[in-house]
2 protein chains.
Amino acid sequence: MTIADRKAREKEALRMLILNGAKKLFIEKGIEQITIRNIADEIDYSVGTVYVYFKDKNAILHDLHSIGFQELGGYFQELFSIEDPLDRLKKMGITYMKFALENQEMYDLMFNVKAPMESIESSEKEDWNEGTNAFGALKNTVAQCMENGHFSGHSLEPLSFIIWSLVHGMCCLEIRNRTKGVKFDNPDTILYDGYKEFLKILEKL
Amino acid sequence: MTIADRKAREKEALRMLILNGAKKLFIEKGIEQITIRNIADEIDYSVGTVYVYFKDKNAILHDLHSIGFQELGGYFQELFSIEDPLDRLKKMGITYMKFALENQEMYDLMFNVKAPMESIESSEKEDWNEGTNAFGALKNTVAQCMENGHFSGHSLEPLSFIIWSLVHGMCCLEIRNRTKGVKFDNPDTILYDGYKEFLKILEKL
DNA sequence: TCAAAAAAATGAACGTTGTTCAAAAAATAA
DNA sequence: TTATTTTTTGAACAACGTTCATTTTTTTGA
């Protein structure tokens, strides 16, 4: 019994060792440069061992993507103390963008890269719970805003969705190098200026 | 002289043959499945020949991405006849989304995939002219709206940017499988419902 | 304590990939 | 025709994800 317990702990430890090694390489060199051999080298195990613990590369990327959502949850902690839902909503966008820009590779993996979704499809897993929960947090805050009399004439879910889309779209264009190429008047602050414009619109709703 | 001319024409023809072959495979099987050997097989040439005409795979993807922008321009043709700029702006979003959803792989290549941007960086090319021009078309229409008295209190470029971001964000989430996973009330019409919500907001500005 | 059984870790091997480049084939020039 | 230039070729290379028979390590039972 205790041996089985220890074994289970060791398995879990090695599993995390692989994931942490993967994450380190991932952040240092980017998702494109990640290889199973690199990960194995990083943690001084053979490639075969990695495949004992993970079905394939997609499975590793899916678990890293889940870790990303935990980290996003950490960023969101500071929002809980904000009583007024509209204030919280405004701050939520800032926090979301902050996370995206400070953890570009992670954000990309969570919301852009196809691999984690393919891992969900090919397993017996239900839906994309990480995404559903994160969107739920946004939706709750928007719902509270509506209870307070804001956004009258609008529908909860579509409104929440386009708010998500707007912020995601900005992060996405930035991370995938579509803002650096376009000749903006103020290329360095276009995300910030854009979000300010969004806040102005929120005030009118 | 005439021989040199014919040779130049033949070179251009083979170049287009490669690009068209690439595009066919691209649309049929998706960007992930595209390989140089596949392209070469498709057009009955050897891999070596492909590398005579294109520096590397990124160069092929970049040229395909440019073709995508030409095709987007085709979709935008129908907008020119719309006199009222606000009507045109509203329709522009629909047209943009239509293009994105009917040409998902192409849209992905144009606005998400990193390869075409890497090709721009590694060449002596200036900026991302395709993107700058497309954004310019949006900006012009928004500017005309403002001339007609809409969007008072807002700034042209940030406002245009968040409109682009909003629509791009929706397309992006859809194409990268982030809408199918989330438990929406109406999963099948969330993009449509979202855009309707956006139009309601536009009316208030 | 020690042989047998079970579990864990290994790395060579397979089929792909993008890319290169000496050699072969074809077209042009003299 | 023969020499020269241009075009095309495909074998070869290093690196990739993945598999699995073999080896190493750990646990078991007397």
Arg37(A) atom CZ is separated from dG11(C) atom P, nearest whole Å, by 13 Å
Which nucleotide in the list dA9(C), dT8(D), dT19(C) gets nearest to the side chain of Thr49(A)?
dA9(C)
Please pick, from dT8(D), dT10(C), dT17(C), the nucleotide with the shortest atom-to-atom distance to any side-chain atom of Thr35(B).
dT17(C)
From dG18(C), dA12(C), dG17(D), nucleotide with atom closest to Ile36(A) side chain
dG17(D)
Consider the side chain of Ser46(A), meaning its heavy atoms from C-beta on, and name the nucleotide among dA8(C), dC16(D), dT10(C) that approaches it most closely.
dT10(C)
Are Tyr45(A) and dA8(C) close enough that a side-chain N or O sits under 4.0 Å from OP1 or OP2?
no
Anything under 30° is parallel, anything over 60° is perpendicular, the rest tilted; go ahead and classify Phe111(B) against Tyr96(B).
tilted
For nucleotides 21-26 of chain C, list the nitrogen or oxygen atoms of the protein found under 3.5 Å from its nitrogen or oxygen atoms, one pair per line.
none

Side-chain donor-acceptor pairs under 3.5 Å in residues 24-34 of chain B, sequence neighbours left out?
residue, atom, partner, partner atom, Å
Lys24(B), NZ, Glu42(B), OE2, 3.0

For Glu118(B) and dG18(C), give me the distance from atom CD to atom P, rounded to whole Å.
15 Å
Length of the line joining Asp44(B):CG and dG10(D):P, which is rounded to integer Å
11 Å
Expressed in angstrom and rounded to an integer, what is the separation of Lys57(B) atom NZ from dG18(C) atom C1'?
8 Å
Can you work out whether Gln33(A) or Val47(A) has the more 5'-proximal nearest nucleotide on DNA chain D?
Gln33(A)
Donor on one side chain, acceptor on other, Asp108(A) and Asn112(A), under 3.5 Å:
yes
Using salt bridge (Lys or Arg N to Asp or Glu O under 4.0 Å), reason through Lys180(B) and Asp127(A) one step at a time and then give a plain yes or no.
CA-CA 8 Å; Lys180(B) 282 153 198 123; Asp127(A) 283 309; over 6 Å; no
For Tyr195(A) and Phe198(A), I'd like to know if the aromatic rings sit close, meaning centre-to-centre distance below 6.0 Å.
yes
Got a salt bridge between Glu71(B) and Lys23(B), using NZ or NE/NH1/NH2 to carboxylate O under 4.0 Å?
yes
Can we say Lys90(A) and Glu203(A) salt-bridge, meaning some charged N sits less than 4.0 Å from an Asp/Glu carboxylate O?
yes
Check against side-chain contact (heavy atoms from CB on, under 4.5 Å), Tyr45(A) and Leu17(A):
CA-CA 10 Å; Tyr45(A) 275 85; Leu17(A) 187 68; 3.9 Å; yes
Strand DNA chain D in bracket notation, Watson-Crick/G-U under 3.5 Å with | for pairs to another chain:
|.||||||||||||||||||||||||||||
Taking atom types as modelled, is there a side-chain donor on Glu102(A) or Tyr75(A) under 3.5 Å from an acceptor on the other?
yes
